[in-house]
Each structure stands twice: as structure tokens, then as C-alpha cells.
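Sequence lines set the chain letters: A, B, ... in the order given, protein chains first and strands last, and positions in each chain run from 1. Computed from a prediction, not measured in an experiment: that's the story for all the values here. Worth knowing before you read on, the calculation uses all heavy atoms, side chains too, and leaves out hydrogens, waters and symmetry mates.
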Number of protein chains: 2
Amino acid sequence: MEDKLLVLGLLMSSEMHGYQINEMIEMHLGTGIQLKKSLIYKLLGKMADDGWLTFTEEKAGKRPTRRVYAITARGKEAFQQLLLDSLADYRPVDLLGHVAEGYLDMLPPELSLPRLEQRRQKLVALLQETLDLGTHPGSQQFVIGHQIHHLKSELTWLDGVIKTVKES
Amino acid sequence: MEDKLLVLGLLMSSEMHGYQINEMIEMHLGTGIQLKKSLIYKLLGKMADDGWLTFTEEKAGKRPTRRVYAITARGKEAFQQLLLDSLADYRPVDLLGHVAEGYLDMLPPELSLPRLEQRRQKLVALLQETLDLGTHPGSQQFVIGHQIHHLKSELTWLDGVIKTVKES
DNA sequence: TGCAATATAGTCACATATGACTATACATAC
DNA sequence: GTATGTATAGTCATATGTGACTATATTGCA
């Protein structure tokens, strides 16, 4: 559902072809927004079938022809509705990637601490990357801001975990 | 990868059949850990094929026969390795469910605010539910703790968003 | 007693998502 | 001048994940 919302939202501001939409998502939204190229193309196809989008084939030079999609009136209605529904909803994010913490007591600190330090470095790098993104023009400030808030909260938590392991 | 880690971890403390594992995950890990029944069965099959698990068929009363899985030596090695790898890694969580925030300026506050309030209520309910879970015996304290930390951070963020919209 | 709901245990068809791939153009270095 | 990388544009086979379903037993309760 939010995948459609995202694509429709981008098309609200201007017509685009799949490749461009993918660029937008990769460039201006952080690593927290995960919507892969191949999915984007499927979504575009589906939404065109449903009458939310129209497209024109475009041949620029000798590059592969591309489909430039534009949002229709029906698409704009759908966008509104998706937006309202999405705002009213709250689904928990998947933290499956963090189950390892639950098994920390199965490892001696000498083994786990260096790993946790590596983990911390990756988190810090990700945070820095996202902070940088936020300063670029064209970035979606709200979305990036949320990611930064989240990552800082994650860093706080991780430092707590490391402290606990050190003290054990 | 973390899905295997989770299942192996549960089997480290005792033998179990698929249904039991599913119960564990649904009862003792919060809503943040999403690993559905059908996936669990597939994982068990795969890991048995790979020699990480063995199983015995068990017939209790007239209920469907069930496979009781136990972790092997190879499985324990794999668990160690997965645990170390997982600890050393940090992959961003998917915040696609939050793209709607990026389009808030496309709605008048009269429309968006009630929706944001609904969202807040769901978040608060989820937080309460997770807090309750944490007090039950058998819950994985670290994992639940992380979820609580995350959800509180989310609430802070959401309140900031609501404030911003009110002031606009 | 009867029947609706829930617990037990798992399968399967289908939906969704991803990496690897195709193909062309252009720039850069060697 | 030719190999190497990367930007453009998108497809497709395969991997992954999910809801809906089967089938039986037990419990609650009207």
C-alpha cells in the first residue's frame, strides 16, 4: 500500500518514467525507504491497468524506448485515499534483524563485544550518511528526519546493550 | 538469515515442533518480530535438509502426527556463526510504512490531524501491549526491551509531527 | 444436547519481491 | 583503439512470504 502511495506521490509533482522514479528513491530518500527497481516497474504496470496512470512511449535518441507515466484524476483520488488511510494506520516495523540481541548471553563478552563494536560502526556510518542526505536539496525532509530520529534512538539503545555486556 | 537464527536459538533450549515454535514467537516476542507460521515450516524443512536439525515423528493421541525437531552439532555451529555475523551487521529497518509523512503538506490540517490522532492511538496501544508482554514470564527481555525503546522513540517523533502540523 | 468457538498441526496455491541479466551509449584510462 | 567502467532503461526467472484452507479434538455455554 505505501509503495503505491510513494510512487503516486512522486508522480503528483511531475511526470516520470520508471528509471527516474527509481533514481528519486535512491537519491533523495534514505536507506530506510526500500522499494526496488523491479517492484517499481510492476507497480507502474498495475496502476496503469487500474486507470490510475497513463503513459506515453518516448524514444530519446537511440536509448531504449521508455514509458513516461502521468497520474490521472482517478489516480489522484486514490492517492488522497491512500494517504488518509496510511496516516490513520500504524503498523509495527519488523525488527527481526535484531533477534541476535536475545542470544547475547550465549556468547562470552570477548566474542560478542568486538562484533557489537562493528555493528556500532555500521550504524554510525548509516546515521552520518543519512545526515548528509538531509542537507542535500530535493531530499524529502520529513522522511529523512524520521530516519535520523530513528537511527539516533537505535544508537542510544545499542550503546546501552554494549554497556550491559561490558558489565556482565 | 535472522529467521534461521531465531528458530535455531529457540531449539537451543529445547526440542520443539513447528506449532510450538510459532506459539513461542507469537506469545513471547512482540509484534516487532514477524515470522509467520508457513515460513517457519519451510525453514524447518530446509534446515533439516542441510543437516542442522533432526526430527522424529510423534503421534500424540489422535491429533495429526507432528515432527519434533532437535538441533544437531552442525546446527549449533551454524547458530554460533549466524549469531556472530548478525551481531556484527547492521541493516536499516524498512520505514516504507512512514512515507505518508512526506506528503503531509498536501492535506489541510483539518483532514490530516484526525488521522494523525488515530495513528497515535494505535501506536500507544501497541506500546502498552508490548509493555504488558515484557512483564510476563518467558518473554525475551532484550528483544521486548528493544521494541519498547523503539516504540517510545516513535511516539516522541509522532508527537513532534502532530505539533508541526498544528502550528502550520 | 447440540453447536459454535477455539486449540492443535500443518499444507499449498498464489502473491510479492529480488538479484541477475540484457542491451545500448558514452566517457575514461591505458 | 580497445578494454573498463558506469549511466540509461527495463525484463525475467527464481526466491520468499502469506493467507486461506484441511482436518480433528476439545471446551464453553445456551
Worksheet item: Once you round it to whole Å, what is the distance between P of D:dG19 and CD of B:Glu26?
Response: 11 Å
Practice prompt. May I have the distance from B:Lys42 (atom NZ) to C:dC12 (atom C1'), rounded to whole angstrom?
Written response: 8 Å
Item to complete: Provide, to the nearest angstrom, the distance between the CG atom belonging to A:Asn22 and the C1' atom belonging to D:dT8.
Response: 11 Å
Item to complete: Kindly say whether, by distance alone, the side chain of A:Ser38 makes a donor-acceptor pair under 3.5 Å with the base of D:dG10?
Response: no
Fill in: Check: B:Pro92 and A:Gln34 side chains under 4.5 Å, non-hydrogen atoms
yes
Worksheet item: Just to confirm, is there a sub-4.0 Å distance from OP1 or OP2 of D:dG10 to any side-chain nitrogen or oxygen of A:Tyr41?
Response: yes
Item to complete: Kindly indicate whether the side chain of B:Lys37 and the base of C:dG10 share any N or O donor-acceptor pair separated by less than 3.5 Å?
Response: yes
Worksheet item: Hey, does the side chain of B:Tyr19 come within less than 4.0 Å of C:dG10's phosphate (OP1/OP2), counting only N and O?
Response: no
Discussion item. Please report the distance, rounded to the nearest Å, between NZ in B:Lys4 and P in D:dT16.
Written reply: 8 Å
Item to complete: Could you label the plane-to-plane angle of the A:Trp157 and B:His149 rings as parallel, tilted or perpendicular, counting under 30° as parallel and over 60° as perpendicular?
Response: tilted
Worksheet, complete the sentence: Closest of C:dA17, C:dA9, D:dT18 to the A:Leu39 side chain is C:dA17
Discussion item. Measuring centre to centre across the rings, with the benzene-like ring taken for any Trp, is A:His17 within less than 6.0 Å of A:Tyr41?
Written reply: no
Discussion item. So B:Glu23, base contact, sugar-phosphate only, or nothing? Heavy-atom distance under 4.0 Å.
Written reply: sugar-phosphate
Worksheet item: What heavy-atom pair brings A:Ile144 and A:His28 nearest, and what distance separates the two atoms?
Response: CD1-O, 3.5 Å
